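Report on the following structure.
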Amino acid sequence: MNKAITDGLVLTPPAFSQGLDVWSRGDGTSGTATYDGYASAAYVPGDIDFAGCLEILKTEATQTLRYMGQTPILPGCYLKVTARVKAVSGNLPAVEIAAFAAQAGDIAIPGVVTTGSSVQLTEYGEIVEVSAIVGNGTRTGVDMAWGPDAIYGHFGLNLTGPSGGVVRIDDLIIEDFTSAFLRTMMDWVDVKDFGAIGDGTTDNTAAFEAADAAANGGSVLVSDGVFYLADNVAFESDVRFQGTVTMPDNRHLGLRQNFELDSYIDAFGDELLGFKKAFQALIKFSDHEGLDMRGRSISVDGPIDMQACVPDVTSFANRRVIRNGIFDAVSSTNWDEASVTSSGTYNTGNPLSLTGVTNVANIEIGSIVTGAGVGREVYVTETNLGSQTVTLSQPLYGAVGTQTYTFTRFRYMLDFSGFDSMSRFNIAEIEIKCDGVASGVMLSKAGLIWHIRDCYINRPLHRGITSIGSACQGLLIDRCQFLSNEQAELSQNRTSIGFNVNSNDAKIRDCRAARFAHWGILHGSGHLIQGNHFFQGDNVNGGARQAGLVMTTANGRQVITGNYIDNCFIEWNNEHDAEPDFSSELSFGSMSITGNNFTSLNSASWMTFIVIKPYGTGHFINGLSVTGNTFKASGGNIDRVDLMDSSIAFLDLGRCRNISWVDNTYHQIDQWTASPAVLQFDQATAATTWVCDFSDWLPFGGEARNVTSVVPIGPLLNAADGVEFATAYGDVSEGTSGGEIHLIWPTAVKGTVNVTARMDNPF
């Protein structure tokens, strides 16, 4: 580019023939003495070499000549100052281009170079040309780099060396020399042209901002060097990095035109730091909804504290996405879990708190809590050193009083627990390669509608996705694959868990999970578990099995539909209830298990698919639909598909209501289950009381509490084989387990009847 043309600037000073009153004998600033009328200088119009020139008798140690006009210094523009000089008589001096570097107010810029290379005159009449290049940037070939504060200069020359000689000076020439550094019509600018210095310590914030402004729709080059930025910088222009930048943790770099991970890795020279700074920018700027990792794989040798990337933000609620990349855990002691043992007191009046906790200072937020009476997936949400309290993610079902607890902190590749609240955050098309050394993702303490979709969570050491608070409210997990690190372990020996939920309305859809202890542990209500395939078998014939899903809310409006439930079972309990005995709350109910494919392969015969486990007394079932499912065993039959786990407490089966267990199919299941159950009974000898035993057929060992129909198949006969027309009534809940219906006839009859009985009161 040529500023003299494009901007209409006149750079070259006026010829000496126009007068010497603008030529200073000092530094060129206003008020300094000039050569106009000076006894030792004169304009010579007829020099044979110069046509018109200034003749000076050198009388000072350094004889200065400066143009008093203000020659502008423009960002990105480089000027070449040229003078032609010859010695006429007397001593021979040296000559150099010299200038006054001015910032606003005609104030000299301290510490910058203001002279070019010195050339010694050696012969009379020999024309010597001296020149120097000046501009903002420190570039190879620039003699005077004045930095971003330079506004203009007073240019001329110095005569040094011995005095007493006479020299003649041709008219000074100043020209735009930018094209020597940047090709003509270049569509990018270099930050160095705006005073940036890549020494790792000089603050280049202003230079970067000036370069961005000057790009004007083009792009910015951060050339070789390490450029320190003391403050936030946001580029409106596209940026290309040959050099790198460094900045404080609490300062952010915005790349609005090329916001993707590659650019941040180039900018910071490190893939992990680049990701952290890119995430910081994702939160701090509103220009982009997502960070595209561009398929990059990042090696991670320790937990990424996501909140520490944005130290001034603890709450965030706008939709943001991290997408399209890989996080690959590298073995390191940084992944080592921390475990603290402390005494604490639990009171059901404050069900989410432990009080009087010793050693609180060493208990980390996000630690899992274990101890007597503690359910699965209970985490530390907050600690308070002053009050010695620990806030829990879930109540404890049986821990009233004081006891010792263990608090264990697993290490997660993406750890958001430092955020008090984060909502609408998305992780999409990401492979989280835990590689058996790390856990996967820990959510923030609170928030709404996290969405994790199309992701692969491979071989988490302890956990895949963990919620330590309420950020799982409305959690969406779609089309993800969870692969356990315990593939070779026996099912009963596994300890890893795919995910947990503490709050309501989770949607877990179209996922695949293999060989965890439990794939999911879900508290809360309104969950939809749909279209997933989770399997937890092993290679042992007759092997034990664990729950694939654990639902810990007794009455939670859950829907489990269209899943492939393979070598595991659904456990339904109330282990996250501080007072698990039934009182006045809703008991087990509002559960729909519909259209699933339950499969067992080489399992122990006592394997079941649906288990209810009350953690307190007095509970019953009020609202359960198990409809349209397929139950199939291979490699050996199993006894039945349902079980009441009474290891802690029994269900009150005499209070069940509104249960529909119908239209299921059974393959290689020894005892089918139904309610209403339709059975055919044959009475070979005439009797007034027929005993119809439904005990094995009703779910969970339920009582036969209602008879809805009795239909004879063929005639009823008396003892003499005569036809009797009689109607029976039913005595319900008979027998030791209450599973018998006694049909009472007005006269002794024999024959065959179909009897329909229910384990509940339907209304």
Side-chain angles (χ1 to χ4, degrees), residues 1-60 62-74 77-88 93 95-108 114-116 119 127-135 143-144 146 150-159 166-179:
M1 73 185 112
N2 190 319
K3 293 292 183 182
I5 298 174
T6 58
D7 290 346
L9 296 178
V10 177
L11 300 174
T12 296
F16 295 126
S17 61
Q18 296 183 32
L20 302 181
D21 56 343
V22 295
W23 291 96
S24 170
R25 291 187 284 125
D27 59 16
T29 57
S30 178
T32 57
T34 71
Y35 281 96
D36 186 27
Y38 184 57
S40 298
Y43 172 66
V44 178
D47 183 270
I48 191 172
D49 296 311
F50 296 150
C53 62
L54 173 63
E55 182 178 279
I56 295 177
L57 169 64
K58 184 177 183 300
T59 59
E60 302 175 12
T62 299
Q63 191 83 36
T64 60
L65 173 70
R66 302 287 189 273
Y67 173 49
M68 298 177 71
Q70 297 177 352
T71 303
I73 303 298
L74 302 176
C77 184
Y78 292 86
L79 305 181
K80 183 178 181 181
V81 183
T82 304
R84 299 168 70 222
V85 179
K86 66 180 179 180
V88 177
V95 63
E96 61 190 11
I97 297 296
F100 177 86
Q103 53 188 325
D106 225 17
I107 298 172
T114 56
T115 60
V119 178
I127 298 174
V128 174
E129 182 174 286
V130 291
S131 64
I133 297 172
V134 63
D143 300 286
M144 306 180 203
W146 289 353
I151 299 176
Y152 58 86
H154 298 298
F155 291 101
L157 53 77
N158 290 340
L159 297 175
V166 176
V167 297
R168 288 185 177 179
I169 305 166
D170 197 7
D171 292 329
L172 205 68
I173 296 175
I174 302 177
E175 58 187 329
D176 182 357
F177 204 63
T178 308
S179 59

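Model, not experiment: these values are computed from the prediction.
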**Prompt:** By side-chain hydrogen bond (donor to acceptor under 3.5 Å, both in side chains), which residues pair with T32, not counting sequence neighbours?
**Reply:**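 With neighbours one apart ignored, the set is S24.
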**Request:** Apply side-chain hydrogen bond (donor to acceptor under 3.5 Å, both in side chains) to T29 and list each qualifying residue two or more places apart in sequence or on a separate chain.
**Result:**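 Scan of T29 (side-chain hydrogen bond (donor to acceptor under 3.5 Å, both in side chains), adjacent residues dropped) gives D27.
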**Request:** Let me see the working for Q63 and V167 under side chain to side chain contact (heavy atoms under 4.5 Å, CB included), right down to the final yes or no.
**Result:** CA-CA 11 Å; Q63 191 83 36; V167 297; over 6 Å; no
Measuring from [X]:[atom1] to [Y]:[atom2], what's the distance to the nearest 0.5 Å?
| X | Y | atom1 | atom2 | answer |
| --- | --- | --- | --- | --- |
| R168 | E55 | CZ | CD | 4.5 Å |
| R84 | I169 | CZ | CD1 | 13.0 Å |
| D176 | L74 | CG | CG | 8.5 Å |
| Y35 | I56 | OH | CD1 | 4.0 Å |
| T71 | M68 | OG1 | CE | 12.5 Å |
| T59 | L159 | OG1 | CG | 10.0 Å |

What are the two closest non-hydrogen atoms of [X] and [Y], and how far apart are they?
| X | Y | answer |
| --- | --- | --- |
| A83 | L157 | CB-CD2, 3.7 Å |
| A132 | G116 | CB-CA, 4.0 Å |
| L79 | P72 | CD1-O, 3.6 Å |
| L172 | T82 | CD1-O, 3.6 Å |

**Item:** All ring pair (Phe, Tyr, Trp, His ring centres under 6.0 Å) counterparts of Y43, not counting sequence neighbours
**Value:**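 With sequence neighbours excluded, Y43 shows a ring pair (Phe, Tyr, Trp, His ring centres under 6.0 Å) to no residue whatsoever.
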Are the side chains of [X] and [Y] in touch, meaning some heavy atoms are under 4.5 Å apart?
| X | Y | answer |
| --- | --- | --- |
| F100 | D106 | yes |
| D170 | I127 | no |
| M144 | I97 | yes |

Determine whether a donor-acceptor pair (N or O, by modelled atom type, separation under 3.5 Å) exists between the side chain of [X] and the backbone of [Y].
| X | Y | value |
| --- | --- | --- |
| Q103 | A108 | yes |
| H154 | A101 | no |
| D36 | V22 | no |
| R66 | R25 | no |

**Message:** I'd like to know whether F50 forms a side chain to side chain contact (heavy atoms under 4.5 Å, CB included) with V44, so could you lay out the CA-CA distance, the side-chain angles of the two residues, the decisive distance to 0.1 Å, and finally the verdict.
**Reply:** CA-CA 9 Å; F50 296 150; V44 178; over 6 Å; no
**Prompt:** Parallel, tilted or perpendicular: which fits the ring planes of F155 and W146, with parallel below 30° and perpendicular above 60°?
**Reply:**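 The rings of F155 and W146 lie parallel, inter-plane angle below 30°.
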**Request:** Walk me through it: do K86 and D47 pass the test side chain to side chain contact (heavy atoms under 4.5 Å, CB included)?
**Result:** CA-CA 11 Å; K86 66 180 179 180; D47 183 270; 3.0 Å; yes
